[in-house]
Number of protein chains: 2
Amino acid sequence: MFKPVTLKEVAAKAGVSYQTVSKVINSKAKVSPETEQRIWDAVAELNYTPNYSGRSLRQQRSKTIGYTWEPSPQDQANPILDEFLQSMFHAAEEKGYYLLSFPFHTEEKKLLDTYRELYYTGRVDGFVLSRLNYGEASVPYLLQRNIPFVAFGRLEEDDHSFPYMDVDGARGIAQAVEHLVELGHRKIAALAWPDDSRVGNNRLEGYFSGLTKAGLATDPRLVVRGEGTAEVGSEATGHLLSLPEEIRPTAIVSMNDLMAIGAMQAVRNAGLQPGRDIGVTGFDDTPTARYLTPPLTSINQPVSAIGKNLMKRLIELLETGSYPEPKCELVAPSLVVRESTAGYRPAS
Amino acid sequence: MFKPVTLKEVAAKAGVSYQTVSKVINSKAKVSPETEQRIWDAVAELNYTPNYSGRSLRQQRSKTIGYTWEPSPQDQANPILDEFLQSMFHAAEEKGYYLLSFPFHTEEKKLLDTYRELYYTGRVDGFVLSRLNYGEASVPYLLQRNIPFVAFGRLEEDDHSFPYMDVDGARGIAQAVEHLVELGHRKIAALAWPDDSRVGNNRLEGYFSGLTKAGLATDPRLVVRGEGTAEVGSEATGHLLSLPEEIRPTAIVSMNDLMAIGAMQAVRNAGLQPGRDIGVTGFDDTPTARYLTPPLTSINQPVSAIGKNLMKRLIELLETGSYPEPKCELVAPSLVVRESTAGYRPAS
DNA sequence: CCTCTCTAAGCGAACGTTCGCCTTAAGGAT
DNA sequence: ATCCTTAAGGCGAACGTTCGCTTAGAGAGG
């Protein structure tokens, strides 16, 4: 495609052997200052750029990290993708690494094959995984083959068999509950996910622990589970609002923003005003949360910090052979208070 | 990191020279069926995977495409990122290519340097650009150096100096106008972007042509320009609704969803009901559009088709040296009608 | 029996690096 | 004068491929 400038050409111009040029470029040289200057001049003049394939063939490393993720359904934006990617490749670039992204295959075998191929062809040195759930096959697959990786998320609460960072979802939801209690709520419901979701279960735990900490009883009738969509959120809320007065909730804690959006619609459909009559909270702090009517109180995840840190750790692993401690880390999300809770004006 | 299996090992096992193994693997061999079988057996048994660096060093191509994009601000999700990326790497994978993504540098020189480095080190064979605007420096930079690329978007209306695909924004907005006219609207306003945005200007043209086609006069007082945020959309709409009765619009066409969200809030603030009293349309069909109250009529871009096609063209360029015709292509977006317009019930 | 052709496979070279060891010359110490 | 040390840089090899030319042998044609 283009005429590549090689070490040999630079060497010829500078009047030294090409291996010496290599040494100078990699600053491993015992060379006189004048020679070094001549070499750098030649490099600049010829616009020399070290060839990537040659280098990685010799060094047996690609300085490339692989990443794939499950695509979001059409009606559900991935709220963290852009930020997560950007943070990762900025961190990577600092160390001379790049990110190779590749298709996510739903078929498990095909996905694992892709991991295998990318690693054993030497296209990537390691991987970043994300959005893990119970029984994720990639983790044992990679562990078993000693393929380096780090993860955003974990498989089980107390698993330390591989390096990860994760958001302390329970803590986030507990904060939301605490916030609602402070506003005067005593009957707080939860819109939860199906119990095959580790993230969902973890968040739901925060609901229970938050209530307990506030000295409130938990009531199984106030916990509704379903797919995390607006439709489910809406239906579930309709049901909650039709409960008899003495247990009917005055606030709803939802495990993601989408269900919270549905909840607010249902509140409105019931002739009530979300925010003023019924407090609603979400999780994820999606960009549109602030533009809803009323703006939605939600929980923000420190995505950039996680991406940056994960990448740093992975590269450290690749270059030194071991992770910086701690191997696994939980980070706290932060509650963003908006009108959907702050506007509470009890009717009584 | 791992013990790579090489051609030589396979060859030893199969009892042939390693070059012959190479030929068989690349199906360029004149080899007896039995030998071929022996070789494939050895490949399977040793789990041989051709080394990427070796291959690309020899072939002088990386089978990798570079892509970077401007990160979205925190409060504004990139509505097409996930879909665009996924469509590109599926198309790429089919041809044995992968996507390398790298940090977007706002500082122009640094961005161009990154392009240069990635290409001349041989890390990538070409690029995909996106979201072009007037005066985008990367385009002449790449053209001048003969670096292969394709773009999502264009620089000027009738530029054919480089290969691109773009959405016919004017046509999309014209469709929205036509739709509103059919519903009975006669006074239609536009929320437009600052005039340094090519995309914005293109969409706005559709507003004018739509009106003209419907035999309606255009009124400069009904066009408000500003950054495409919800705040601006809200303010501008407040202003429009305060116009004297005879020119006050009954519908608002907005150049993106975010401004439309703001517009609906302003309509509500004015004591009116968006959808029923004032029609509102957006552009982009962001995932949340359907969850707004009322659900927002918007314009959907065929992102997947574009990503797939762009990738296909770029690879064709890389492998054959020329693009499939047509070099530049416009595709029509589609109007998605929802309550924010369909609910129109004129007061009179 | 000799030459020609064809098939199956071998072989040398090259792609652009980096790595570690070797050589050379100069200078200082003995 | 001899030996040792050190600085400066050369040199061969290897990383894993692919490419194109060569060769051995078999069969065909005269």
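So you know, we letter chains A, B, ... as the sequences are listed, proteins then strands, and number each from 1.
- Side-chain N/O atoms of Y48(B) include one lying less than 4.0 angstrom from OP1 or OP2 on dT17(D).
- Among the atoms of the strands shown, none is found under 4.0 Å from any heavy atom of T121(B).
- Rounded to a whole Å, the NZ atom of K30(B) is 18 Å from the P atom of dA26(D).
- Here Y52(A) lies out of heavy-atom contact (under 4.0 Å) with every strand.
- If you take CZ of R123(B) and P of dT17(C), they are 14 Å apart, rounded to a whole angstrom.
- The listed nucleotides are dG10(D), dT18(C), dA8(D); the one nearest the side chain of V16(A) is dG10(D).
- Of the two residues near DNA chain C, N51(A) and S17(B), the one whose nearest nucleotide lies more 5' is S17(B).
- Ring pair F149(A)/F162(A) is parallel by interplanar angle, where below 30° counts as parallel and above 60° as perpendicular.
- Remark: the backbone N or O of S22(B) is paired with a side-chain donor or acceptor of N26(B) at under 3.5 angstrom.
- Here T35(B) reaches the OP1 or OP2 of dA9(C): one of its side-chain N or O atoms lies under 4.0 Å away.
- S87(A) places a side-chain N or O within donor-acceptor distance of the main-chain N or O of E83(A), the cut-off being under 3.5 Å.
- Atom-to-atom, CD of Q60(A) to C1' of dG16(C) comes out at 14 Å; the value is rounded to the nearest Å.
- The side chain of V31(A) lies closest to dG9(D) when the candidates are dT17(C), dG9(D), dG16(D).
- Side-chain atoms of R58(A) come within donor-acceptor range of the base of dT18(C), with a qualifying N/O pair under 3.5 Å.
- The base of dG12(C) is paired with the side chain of Q19(B) by a donor and an acceptor separated by under 3.5 Å.
- Using cut-offs of 30° and 60° for the angle between ring planes, the F152(A) and F84(A) rings count as tilted.
- Within the structure, every side-chain polar atom (N or O) of T20(B) is placed at least 4.0 Å from both OP1 and OP2 of dA9(C).
- Atom CZ in R61(A) sits about 17 Å away from atom P in dT17(C), given to the nearest Å.
- Judged by distance alone, with hydrogens and angles left aside, K28(B) brings no side-chain donor or acceptor close enough to the base of dG20(D) to form a pair under 3.5 Å.
- Counting to the nearest Å, the P atom of dT18(D) and the CG atom of L7(B) are 6 Å from each other.
- As rounded to whole Å, 12 Å separates atom P of dG20(D) from atom CD of Q59(B).
- As a whole-Å value, the separation of N26(B) CG from dC19(D) C1' is 11 Å.
- Using a 4.0 Å heavy-atom distance criterion, T6(B) is classed as a sugar-phosphate-only contact.
- The side chain of S32(B) places an N or O atom within less than 4.0 Å of a non-bridging phosphate oxygen (OP1 or OP2) of dA9(C).
- Atom pair L57(A):CG and dA14(D):P shows a separation of 14 Å (rounding to whole Å applied).
- Residues Y97(A) and E319(A) have side chains that bring a donor and an acceptor to within less than 3.5 angstrom of each other.
- With hydrogens and angles disregarded, a donor-acceptor distance shorter than 3.5 Å links the side chain of R313(B) to the backbone of P326(B).
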